[in-house]
Amino acid sequence: MLKIYNSIAREKEEFHPITPGKVRMYVCGMTVYDFCHLGHARVMVVFDMVARWLRASGLDLTYVRNITDIDDKIIKRAAENNESIGELTERFIRAMDEDAAALGVKKPDLEPRATQHIADMLNMIAVLVEKGLAYRADNGDVFYAVRGFNGYGKLSGKSLEDLRAGERVEVDAYKRDPLDFVLWKSAKPGEPAWESPWGPGRPGWHIECSAMSDHHLGHHFDIHGGGQDLQFPHHENEIAQSEGAHDCTYVNYWMHNGFVRVDEEKMSKSLGNFFTIREVLTKYDPEVLRFFILRAHYRSPLNYSDAHLNDAKQALTRLYTALRGIEVDAATLNWNDPQMARFQTAMDDDFNTPEAMAVLFDLANEVNRSRDVNAAARLKTLAGVLGLLQRPPEEFLQGASTAGALAPDQIEALIAERAAAKATRNFAEADRIRKELLDNGVVLEDTPQGTIWRSA
RNA sequence: GGCGCGUUAGCAAAGCGGUUAUGCAGAGGAUUGCAAAUCCUUCCAGGGCGGUUCGACUCCGCCACGCGCCUCCA
């Protein structure tokens with residue numbers, strides 16, 4: 001039985017889909033005005049893992065991850081770059097797709113874009129206005145009236161009074177209450193705008209997710225995910241909008257993944273301490289990054305450093321090494337198998353990937369001892385559930401990231417030379433060649449079947 | 001100030017009220033021409049102070065330290 005830590009309940013709960021056998025999941029995706037950083041990588045990989053596990057568990061999943069392609073930062077960046085908003089967002093959506101693909105993140109079933117759902121947003125805002133939960137201020141903006149929704153704060157555990165006490169934001173004079181938030185922003189000259197009953201403008205930050213999730217998944221669905229920093233205010237405001245408009249529970253299970261940190265500090269745009277995915281991928285195999293992310297529990301902080309990535313690389317190398325030289329057919333998932341059962345138990349416990357990975361290493365040990373094809377198949381199949389270990393081992397082990405620039409045929413030539421030297425027991429020469437290769441980032445291994453190599 | 005989370009061996013990171021986590025690194029052995037890889041053995045834990053218990057890293061309380069949200073943020 002799958003248990004999920006539900007942010008709104010602040011405890012693990014048994015997972016029961018609204019419709020038996022079917023799961024509807026919505027995850028807050030990217031605002032596309034820049035390259036994705038490691039924080040984005042974590043959201044994508046974590047919820048890709050969640051999606052894979054739900055499906056491996058036999059559930060019929062509909063996974064929606066939105067793209068926010070209109071917002072203040074996008075407008076600002078496009079102006080700075082002297083390009084249209086469409087050009088900017090298309091560019092970064094393409095980059096995001098590349099990054100996601102590199103990390104082994106499968107495409108969600110649906111990736112709705114905010115600009116495709118303006119009508120849905122306007123409809124929802126209209127409902128909120130009719131119900132007295134929203135109002136048009138004198139400056140033309142439409143605000144959500146937080147005081148009118150009595151569940152406000154239930155996700156983040158904040159009361160309106162607490163929030164007021166901690167007020168650090170300049171109070172917008174047009175708001176009735178400082179905590180009211182914008183649903184619709186009236187257009188300023190030169191800004192992109194859509195027509196609306198309240199005048200030309202564009203959507204506020206939170207309404208797009210309420211509108212898009214409703215459009216694709218309905219008023220009430222199973223899982224809503226995102227980074228921890230979205231819990232407040234973004235998700236809190238989504239609840240206010242959706243439940244305010246529909247008068248029913250919005251989401252049953254809220255999932256929030258932990259932050260990526262650098263030097264024990266949150267990686268964020270405002271701190272400027274972020275690394276983009278593509279930056280990291282110039283130094284590390286993307287699967288190493290995926291492995292690194294899944295090696296920690298999704299709710300824990302994840303500290304980024306080269307030392308930790310190198311450590312992850314070593315660990316993943318061990319797994320691939322175990323599979324090297326074994327022809328593996330895919331095994332079927334059989335939860336009666338002891339190791340698979342242990343893996344399942346771990347994953348069912350709020351997606352405990354570190355524990356699930358421990359099973360992988362135990363299996364690797366078994367494969368190394370027995371060289372058993374079935375054990376190898378179980379290893380590869382279970383790893384596949386996490387989106388790992390699916391490439392030919394040589395591709396990973398001999399992959400790029402070598403310091404030197406020797407082509408494979410050059411390496412093979414040197415290995416042949418060394419073999420010749422060894423044949424005449426000229427070990428000095430053999431060792432010299434081996435050292436030369438090592439200096440070029442190539443490690444040799446002599447086996448009964450001959451010499452093989454891998455990248456250092 | 002309000003709310004919340006964390007503190008595990010050299011590093012990373014889990015489960016568990018009493019029995020080896022796991023990976024990397026270290027030590028010894030097997031193997032190897034020597035290595036590498038692999039296998040075997042092994043060292044190194046649970047912030048501090050109390051409490052509950054026959055027994056606590058694991059439950060409870062307090063304290064210390066760290067982190068996060070309350071502002072755009074995955």
Side-chain angles (χ1 to χ4, degrees), chain A residues 7 10 27-31 34 36-47 65 71-73 76 153 156-159 161-170 179 205 225-234 236 256-261 264-271 274 291-292 295-297 299-303 305 307-319 321-322 324-325 342 345-346 349 352-362 364-365 367-371 397 422 425-428 430-431 434-435 438 443-448 451-454 456:
Chain A
S7 301
R10 275 167 271 279
V27 172
C28 287
M30 262 48 78
T31 300
D34 207 340
C36 293
H37 63 231
L38 290 180
H40 299 116
R42 193 174 193 190
V43 185
M44 289 196 285
V45 169
V46 161
F47 286 99
R65 190 184 64 209
D71 107 311
D72 288 358
K73 292 186 291 292
K76 183 162 171 271
S156 53
K158 300 175 190 306
S159 71
E161 283 61 38
D162 293 341
L163 287 165
R164 188 187 284 287
E167 192 66 61
R168 307 193 252 153
V169 199
E170 249 182 89
L179 296 166
W205 174 30
Q228 217 167 49
D229 44 2
L230 295 185
Q231 191 167 347
F232 189 90
H234 185 56
E236 193 70 64
H256 294 98
N257 65 274
F259 296 131
V260 176
R261 297 183 183 175
E264 305 300 337
E265 202 172 38
K266 178 184 170 183
M267 181 181 290
S268 74
K269 298 261 176 170
S270 48
L271 290 170
F274 63 91
F291 179 92
F292 170 70
R295 194 159 64 138
H297 185 82
R299 285 189 282 115
S300 302
L302 181 64
N303 214 35
S305 73
H308 295 160
L309 266 283
N310 287 330
D311 191 75
K313 180 188 172 185
Q314 289 300 102
L316 186 56
T317 296
R318 176 172 168 78
L319 294 179
T321 301
R324 188 172 52 179
R342 195 178 142 212
T345 300
D349 182 14
N352 190 343
T353 52
E355 175 66 21
M357 280 197 189
V359 177
L360 263 33
F361 283 99
D362 286 350
N365 177 261
V367 171
N368 286 332
R369 275 185 284 120
S370 68
R371 302 308 291 163
L397 295 169
K422 277 179 68 175
R425 299 193 65 78
N426 185 354
F427 294 123
D431 290 350
R434 186 169 63 197
K435 178 68 163 52
L438 185 61
V443 179
L444 295 190
E445 294 178 29
D446 292 334
T447 76
T451 299
I452 56 178
W453 67 275
R454 64 185 166 86

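Residue numbers start from 1 in every chain, and the chains themselves are labelled A, B, ... in the order their sequence lines are given, proteins ahead of strands. The figures here come from the full heavy-atom set of this structure, side chains too, leaving out hydrogens, waters and symmetry mates.
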- Query: Taking the side chain of A:F361 as heavy atoms from C-beta outward, which of B:U22, B:G15, B:G33 is closest to it?
  - Reply: B:U22
- Message: I'd like to know if A:R434 reaches the base of B:C34 with its side chain such that a donor and an acceptor end up less than 3.5 angstrom apart.
- Response: yes
- Query: Taking OP1 and OP2 of B:A30, is either one under 4.0 Å from a side-chain nitrogen or oxygen of A:R369?
  - Reply: no
- Item | Distance in angstrom units between A:F232 CZ and B:U71 P, rounded | 6 Å
- C1'-based separation of B:G66 from B:G47 [nearest Å]: 11 Å
- Query: Using a cut-off of 4.0 Å on non-hydrogen atoms, how would the nucleic acid contact of A:D431 be classed: base, sugar-phosphate, or nothing?
  - Reply: base
- Item | A:R10, CZ: over 12 other non-hydrogen atoms inside 6.0 angstrom | yes
- Side-chain donor/acceptor contact of A:H256 with base of B:A74 under 3.5 Å: no
- Task: Measure distances between side-chain N and O atoms of A:D446 and base N and O atoms of B:C34, and say whether any donor-acceptor pair falls under 3.5 Å.
- Result: yes
- Query: How close or far is atom P of B:G68 from atom CZ of A:F259, stated in whole angstroms?
  - Reply: 8 Å
- Is A:R454 close to A:R324 at the side-chain level, that is, under 4.5 Å between some pair of heavy atoms? yes
- Message: Suppose you measure atom P in B:C62 against the same atom in B:U20; what distance do you get, rounded to whole Å?
- Response: 34 Å
- Message: Heavy atoms only, 4.0 Å cut-off, all strands: where does A:G258 land among base, sugar-phosphate and nothing?
- Response: base
- Query: What interatomic distance, in whole Å, is found between C1' of B:C59 and the corresponding atom of B:G15?
  - Reply: 16 Å
- Message: I need the CG-C1' distance between A:L319 and B:C24, as an integer number of Å.
- Response: 12 Å
- Looking at B:A74, B:C34, B:U22, which one has an atom nearest to any side-chain atom of A:A358? B:U22
- Interatomic distance where CG belongs to A:L302 and P belongs to B:G6 [whole Å]: 17 Å
- Message: Can you see if the side chain of A:K266 gets near the phosphate of B:C69 - specifically, an N or O under 4.0 Å from OP1 or OP2?
- Response: yes
- Euclidean distance, atom CG of residue A:D229 to atom P of B:C3 [Å, nearest integer]: 22 Å
- Task: Please tell me which of the listed nucleotides, B:A74, B:C11, B:A36, lies nearest to the side chain of A:E445?
- Result: B:A36
- Nearest-angstrom distance, P atom, B:C44 to B:G1: 42 Å
- Query: Can you tell me how far the CZ atom of A:F427 sits from the NZ atom of A:K422, to the nearest 0.5 Å?
  - Reply: 7.0 Å
- Message: Heavy atoms only, 4.0 Å cut-off, all strands: where does A:M44 land among base, sugar-phosphate and nothing?
- Response: nothing
- Say you pick atom P in B:C11 and the same atom in B:A45; how far apart are they, in whole Å? 12 Å
- Message: Just verifying a value: how many Å separate A:N257 CG and A:S7 OG, rounded to the nearest 0.5 Å?
- Response: 10.0 Å
- Distance, P atom - from B:A21 to B:U41, rounded to whole angstrom: 14 Å
- What is the distance from atom CZ of A:F291 to atom CG of A:L309, rounded to the nearest 0.5 Å? 11.5 Å
- Shortest side-chain distance from A:R261, nucleotide among B:C3, B:C67, B:G23: B:C67
- Task: Answer whether the closest heavy-atom distance between the side chains of A:R318 and A:N368 falls below 4.5 Å.
- Result: yes
- Note on the structure: Between the CG atom in A:L316 and the OG1 atom in A:T321, the distance rounded to the nearest 0.5 Å is 9.0 Å
- Query: Out of B:A74, B:G15, B:A37, which nucleotide sits closest to the side chain of A:R324?
  - Reply: B:A37
- Query: How does RNA chain B look in dot-bracket form if you count Watson-Crick and G-U pairs under 3.5 Å, write [ ] for pairs that cross, and put | where a base pairs with another strand?
  - Reply: (((((((..(((.....[...))).(((((.......)))))....(((((..]....))))))))))))....
- Tell me, do A:D362 and A:R342 make a side-chain contact under 4.5 Å, heavy atoms counted? yes
- Task: Would you indicate, yes or no, if B:C39 has its OP1 or OP2 atom less than 4.0 angstrom from a side-chain nitrogen or oxygen of A:N365?
- Result: yes
- What is the distance, rounded to the nearest whole Å, between atom CG of A:L163 and atom P of B:G4? 13 Å
- Task: Give the nucleotide from the list B:A74, B:C69, B:A36 with an atom nearest to the side chain of A:K158.
- Result: B:C69
- Quick one: sort the A:F274 and A:H37 rings into parallel, tilted or perpendicular, breaks at 30° and 60°. tilted
- Message: Rounded to whole Å, please give me the gap between CD in A:E265 and C1' in B:C67.
- Response: 10 Å
- Given the P atoms of B:A74 and B:C70, what is the spacing between them in whole Å? 13 Å
- Query: Atom CD in A:Q228, atom CZ in A:R299: separation rounded to 0.5 Å?
  - Reply: 9.5 Å
- RNA chain B nearest-nucleotide lookup for A:F427 and A:G157: closer to the 5′ end is A:G157
- Message: From the set B:U38, B:C69, B:U22, return the single nucleotide nearest to any side-chain atom of A:R318.
- Response: B:U38
- Item | Closest to the A:Q228 side chain, choosing from B:C72, B:G15, B:G68 | B:G68
- Task: State whether the distance check finds a donor on one side and an acceptor on the other, under 3.5 Å, for side chain A:S270 versus base B:C72.
- Result: yes
- Message: Side chain of A:N368 only, heavy atoms from C-beta on: which candidate in B:U38, B:C24, B:A14 is closest?
- Response: B:U38
- Distance between the C1' atoms of B:U7 and B:C39, in whole angstroms? 36 Å
- Message: Between A:R295 and B:A14, is there a contact of a side-chain N or O with OP1 or OP2 at under 4.0 Å?
- Response: no
- Query: Want to settle it: does A:M357 or A:S159 sit nearer the 5' end of RNA chain B, counting the closest nucleotide to each?
  - Reply: A:S159
- Query: Is the number of heavy atoms from other residues, nucleotides or ligands under 6.0 Å of A:K269 NZ greater than 12?
  - Reply: yes
- Query: Counting only side-chain N and O atoms of A:S300, is one of them less than 4.0 Å from OP1 or OP2 of B:A14?
  - Reply: yes
- A:M30 atom CE is separated from B:C72 atom C1', nearest whole Å, by 16 Å
- Task: Taking only the side-chain heavy atoms of A:K73 (C-beta and beyond), determine which of B:G15, B:A37, B:C72 contains the nearest atom.
- Result: B:C72
